[in-house]
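Notes follow the structure.
Naming convention: chains lettered A, B, ... in sequence-line order (proteins, then strands); numbering from 1 in each chain.
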Amino acid sequence: MPELPEVEVVRAGLERHVVGARVVAVDVLHERPVRRDPRGPQGFALALAGRRITGARRRGKYLWLPLDDGDALLCHLGMSGQMLVQPADAEPEKHLRVRLRLEGAAQGRHLHFVDQRMFGGLLVSTGGAVLPPEIAHIGRDPLDPLFDLDDVVARVRRRGSGIKRQLLDQTLVSGVGNIYADEALWRARIHGERPGDRLTRAQVVELLGHARDVMTDALAQGGTSFDALYVNVNGESGYFDRSLHAYGREGEPCDRCGRAVRRVAFMNRSSYFCPGCQPVPRATRRRS
DNA sequence: GTATGTACCTGTTTGC
DNA sequence: TGCAAACAGGTACATA
């Protein structure tokens, strides 16, 4: 389940393996992953053909490959997306959706966009080499040198929404997904349903620091992986899941206090927290 | 602008 | 054994 660390691993892999390559031809094998490109599948393929890849950049969970004409190939991995650099004669993956045939720096190789659940996608962003306009609304992530901590803290403390929902709001702070939100909240000993406007400045600063740290730690280990869906650009799985304290640990003892980790429904998914270290706020206590 | 809920998508697991 | 429901969850969009 790609979050910021996994996307960064993919970005770094693409930077190493495909920058400088020219796209010779594009095969769109399924239309859904290019649904956000207004040109349609054929227009998408035509817009990419002949272009040279000049870089590999990222903001939050989005990554893009700037092209030599000032446009960019914008990519989101969604739930199950992969970008794989493969030999030209490689057997196509079961869920191969888009194939870019490359020459030049990646002579004889293909870039495969593989995505089982197809929440991810690709599009050619007009004039998007520096920052695709399609993701101009996405906030900077905590690993970005220009991340404005004071501004984010102030905005969090102005809203009454639960702090976990805010952590997952990519316009506020990007890159944090369900897994790392639960881990950062566990580290900060804050329950995800605590309203942002009821937290102190120091608490929000500490929480965002933990969000940054948990993603930095994951990045150092090559990203998190829970199943075969996530592999990096060379097909190698990450293994950060061994270091998780909250996510996916329902019923297991908290590593800090020993209380059983609980799971609750949250936004059509799950939240994991320690009822000892992360007390449920009073206003929502009756619901749990 | 804020707050909240839901559709999208497929493979696997769980329950009857 | 077989089928249905639940589950995983990031993003865009709708609604109030």
Side-chain angles (χ1 to χ4, degrees), chain A residues 1-8 10 29-38 58-64 74-83 93-98 113-123 125 132-139 141 151-152 154-185 192-199 211 215 218 223-231 238 241 244 246-251 263-272 281 283-284 287:
Chain A
M1 303 157 194
E3 295 189 29
L4 186 150
E6 291 80 6
V7 178
E8 174 56 25
V10 171
L29 304 168
H30 198 296
E31 293 192 359
R32 181 165 170 79
V34 297
R35 65 194 177 281
R36 289 187 62 199
D37 194 309
R58 180 186 62 73
R59 174 175 285 197
K61 291 176 242 185
Y62 284 91
L63 61 88
W64 69 97
L74 179 62
C75 170
H76 196 289
L77 299 176
M79 280 290 297
S80 52
Q82 299 169 251
M83 290 285 251
E93 294 81 359
K94 182 177 180 187
H95 302 292
L96 175 61
R97 308 304 188 190
V98 179
F113 180 72
V114 177
D115 191 3
Q116 176 199 107
R117 294 174 206 173
M118 292 190 288
F119 275 48
L122 304 174
L123 67 84
S125 172
E134 291 84 357
I135 60 166
H137 64 292
I138 300 294
D141 60 66
D151 178 60
V152 173
R155 290 168 66 188
V156 165
R157 298 188 64 222
R158 277 201 296 266
R159 293 193 198 176
S161 292
I163 185 61
K164 180 171 178 183
R165 196 177 239 279
Q166 296 204 53
L167 272 181
L168 295 176
D169 181 347
Q170 303 295 302
T171 67
L172 192 59
V173 49
S174 68
V176 183
N178 199 41
I179 299 169
Y180 296 128
D182 279 357
E183 291 303 303
L185 287 163
E193 290 180 15
R194 294 274 297 277
D197 61 7
R198 303 264 284 272
L199 295 172
M215 292 194 290
T224 302
S225 178
F226 296 94
D227 51 39
L229 289 177
Y230 170 71
V231 289
D241 52 304
L244 298 177
Y247 185 85
R249 296 197 56 211
E250 182 181 20
R263 178 173 82 102
V264 294
F266 168 79
M267 284 171 70
N268 289 329
R269 59 209 66 185
S270 297
S271 281
Y272 298 87
T284 56
R287 275 196 273 142

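With axes fitted over five pairs at each extremity, the angle between the ends of the helix from B:dT2-C:dA16 to B:dC16-C:dG2 is 60° (10° resolution).
Between the side chain of A:Arg269 and the base of C:dG10, at least one donor-acceptor pair of N or O atoms lies under 3.5 Å.
Side-chain N/O atoms of A:Gln170 include none lying less than 4.0 angstrom from OP1 or OP2 on C:dG10. Listed pair A:Tyr180 / C:dG10 fails the phosphate criterion, with no side-chain N or O lying under 4.0 Å from OP1 or OP2. Neither OP1 nor OP2 of B:dC9 sits under 4.0 Å from any side-chain N or O of A:His95. Dashed line: the shortest gap from a side-chain N or O of A:His76 to OP1 or OP2 of C:dG10 is not under 4.0 Å. In this structure, A:Arg117 does not reach the B:dC8 phosphate: none of its side-chain N or O atoms is under 4.0 Å from OP1 or OP2. Contact annotation: A:Ser270 reaches the phosphate of C:dA8 (side-chain N/O to OP1 or OP2, under 4.0 Å).
In this structure, A:Gly177 and A:Lys61 approach most closely via the heavy-atom pair CA-NZ, 3.6 Å. Scanning all heavy atoms of the two residues, the minimum distance from A:Met118 to A:Ser80 falls at N-OG, 4.1 Å. For A:Tyr62 against A:Arg36, the heavy-atom pair with the smallest separation is OH-NH1, 3.6 Å.
At distances below 3.5 Å, not a single donor-acceptor pair connects side-chain atoms of A:Glu250 with backbone N or O atoms of A:Gly248. Looking at A:Asp141, its side chain does come within 3.5 Å of a backbone N or O of A:Gly60 through a donor-acceptor pair. Side chain of A:Asp115 to backbone of A:Gly120: a donor-acceptor contact under 3.5 angstrom is found. In this structure, the side chain of A:Glu3 engages the main chain of A:Ile179 through a donor-acceptor pair within 3.5 Å.
Rounded to whole angstrom, the span from the CZ atom of A:Arg36 across to the C1' atom of B:dC8 amounts to 13 Å. Computed from coordinates, the A:Met79 CE to B:dG11 C1' distance equals 11 Å when rounded to whole Å. Here the P atom of nucleotide B:dT4 and the CZ atom of A:Phe266 are 10 Å apart, to the nearest Å. For the pair A:Glu250 CD and C:dC7 C1', the interatomic distance rounds to 13 Å; values are reported in whole Å. Atom CD of A:Gln166 and atom P of B:dA3 are 7 Å apart (whole Å). To the nearest angstrom, P of C:dC13 lies 12 Å from CD of A:Glu134. At whole-Å resolution of the value, CD in A:Gln116 and P in B:dT12 are 7 Å apart. The distance between atom CD of A:Glu3 and atom C1' of C:dA8, rounded to the nearest whole Å, is 12 Å.
Looking at heavy-atom distances under 4.0 Å, A:Arg263 makes contact with sugar-phosphate atoms alone, never a base. The residue A:Gly160 sits close only to the backbone: its heavy atoms come under 4.0 Å of sugar-phosphate atoms, none of a base. At a threshold of 4.0 angstrom between heavy atoms, the contacts of A:His137 are confined to the sugar-phosphate backbone, with no base atom among them.
Set against C:dG10, B:dG5, C:dA12, the side chain of A:Arg165 has B:dG5 as its closest nucleotide. Listed candidates were B:dC8, B:dT4, C:dG10. Nearest to the side chain of A:Arg32 is B:dC8. For A:Leu168, taking side-chain heavy atoms from C-beta onward, the closest of the listed nucleotides B:dT4, C:dG10, C:dA8 is C:dG10. The listed nucleotides are B:dA3, C:dG10, B:dT10; the one nearest the side chain of A:Arg159 is B:dA3.
Along DNA chain B, the nucleotide closest to A:Lys94 and the one closest to A:Asn268 are compared, and the more 5′ of them pairs with A:Asn268.
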(request) Check step by step if side-chain hydrogen bond (donor to acceptor under 3.5 Å, both in side chains) holds for A:Ser161 and A:Gln166. (result) CA-CA 7 Å; A:Ser161 292; A:Gln166 296 204 53; 5.2 Å; no

